[in-house]
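Working notes for the structure below.
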Amino acid sequence: MTRPTIIAGNWKLNPPRTQGEQLFQEVCAGASARGVSGTSEVRVVVCPPYPYLGLLEAQSEVAHRVVALGGQDLTVNDWGAFTGAVNGALLREFGALYVVVGHSERRQLFGETDASVGEKVAAALRAELTPILCVGETDAERDAGETFEVVARQLYAGLQPSRDVVVQGPLVIAYEPVWAIGTGRNATPEQAAEVHRFLRNRLAEFAGDNWSQKVPLLYGGSVKPENAAGLLKDPDIDGALIGGASLSAESFLGILDVALNN
Ligand code: PEP
């Protein structure tokens with residue numbers, strides 16, 4: 001099996017500059033001391049707010065090879081009169097190798113739809129960024145027994161528009177149950193593993209078993225050092241997308257340690 005474990009931090013709209021620079025330095029130093037690199041079996045990605053990207057890339061060339069940067073969103077537009085938008089080419093120029101697409105906060109707070117998420121995955125691939133496509137059900141959808149239907153719909157909608165390209169390029173999927181994001185209420189390893197296996201099977205249907213085995217499937221939703229071991233020990237959980245706990249170097253590196261010792 002040829003897929004890396006990925007420990008990815010989503011800083012969301014945090015933190016102020018001084019803290020952010022220090023946090024990144026600490027994460028880079030910690031990851032470097034643990035032998036992490038962009039090609040190691042366990043990889044680290046940090047997705048800060050846009051203004052940080054060029055700054056953090058410029059801060060240390062060495063650090064950049066240890067910790068990859070990612071955007072939190074992108075526009076599908078090329079260049080031009082699109083006030084407020086940032087496209088994949090610009091993300092790439094300022095040091096991003098990854099981009100989160102379809103995070104539930106973008107879907108819920110910024111009107112992102114299944115269709116727009118699919119277009120954004122295609123735009124990310126055009127810019128040679130690795131999309132981290134997020135899927136996940138709400139509390140109400142889980143209670144109604146619709147979890148599998150929802151994540152399958154989001155997965156297909158995210159991949160279908162770039163079908164020919166997505167099966168060639170790099171891709172990461174993050175299963176993030178909405179009810180577990182920022183709530184302190186993580187999915188149990190069994191709940192997460194069940195959905196991960198389902199997603200792996202849908203990927204195999206989409207483009208074959210070989211390809212599906214290469215796609216890292218991350219779990220996201222209140223991951224902390226204390227609950228990471230139970231989640232990461234499942235063979236179908238290939239890492240974590242981490243919000244709150246990525247804002248402290250100690251807890252983020254604590255999760256990295258769990259992944260390294262797995
Ligand atoms: C996220 O925002 O992707 C996330 C998983 O957040 P948290 O870890 O805070 O639940």
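Side chains are part of it too, since the values below use all heavy atoms of this structure and drop only hydrogens, waters and symmetry mates. Whatever order the structure lists them in is the order used to number ligands and atoms, beginning at 1.
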Exercise for the section: Decide whether an N or O pair under 3.5 Å exists between Ile181 and ligand 1. Expected result: no
Handout entry: No-hydrogen, no-angle side-chain donor-acceptor test under 3.5 Å, Trp179 and Glu137
Key = yes
Handout entry: Atoms of ligand 1 close to Gly182 [distance to a heavy atom under 4.0 angstrom, numbered from 1]
Key = 7 (P), 9 (O), 10 (O)
Exercise for the section: Would you mind reporting whether Ile132 and Val101 have side-chain heavy atoms less than 4.5 Å apart? Expected result: no
Problem - Proximal atoms of ligand 1 relative to Asn10 (non-hydrogen, under 4.0 Å) - result: 1 (C), 2 (O), 3 (O)
Exercise for the section: Could you tell me the residue and atom name of the protein heavy atom closest to atom 1 (C) of ligand 1, and the distance to it rounded to 0.1 Å? Expected result: His103 NE2, 3.2 Å
Practice task
Tell me which protein heavy atom sits closest to atom 4 (C) of ligand 1, plus the residue, atom name and distance to 0.1 Å.
Solution key: Gly243 N, 3.5 Å
Problem - Glu176 N/O under 3.5 Å from ligand 1 N/O - result: yes
Handout entry: Donor-acceptor pair between Tyr175 and Gln191 side chains, under 3.5 angstrom
Key = no
Exercise for the section: Determine whether the side chain, the backbone, both or neither of Ala180 has a heavy atom under 4.0 Å from any heavy atom of ligand 1. Expected result: backbone
Practice task
Give me the one residue out of Asn227, Leu218, Val42, Val258 that meets side chain to side chain contact (heavy atoms under 4.5 Å, CB included) with Leu232.
Solution key: Val258
Problem - Side-chain touch Trp79/Asn87, heavy atoms, less than 4.5 angstrom - result: yes
Fill in the blank from the handout: Paired with Val166, the side chain to side chain contact (heavy atoms under 4.5 Å, CB included) test is passed by just one of Val215, Leu133, Leu159, namely Leu159
Practice task
Run the numbers for me: atoms of ligand 1, each under 4.0 Å from some heavy atom of Leu241, listed by number.
Solution key: 3 (O), 5 (C)
Exercise for the section: Answer yes or no on whether Arg163 is positioned over the face of Phe206, meaning its NZ or CZ is under 6.0 Å from the six-membered ring centre and within 45° of the axis. Expected result: yes
Exercise for the section: Would you check whether Gly244 has a nitrogen or oxygen atom less than 3.5 angstrom from a nitrogen or oxygen atom of ligand 1? Expected result: yes
Practice task
Flag Gly221 as yes when one of its N or O atoms lies below 3.5 Å from any N or O atom of ligand 1, and as no otherwise.
Solution key: no
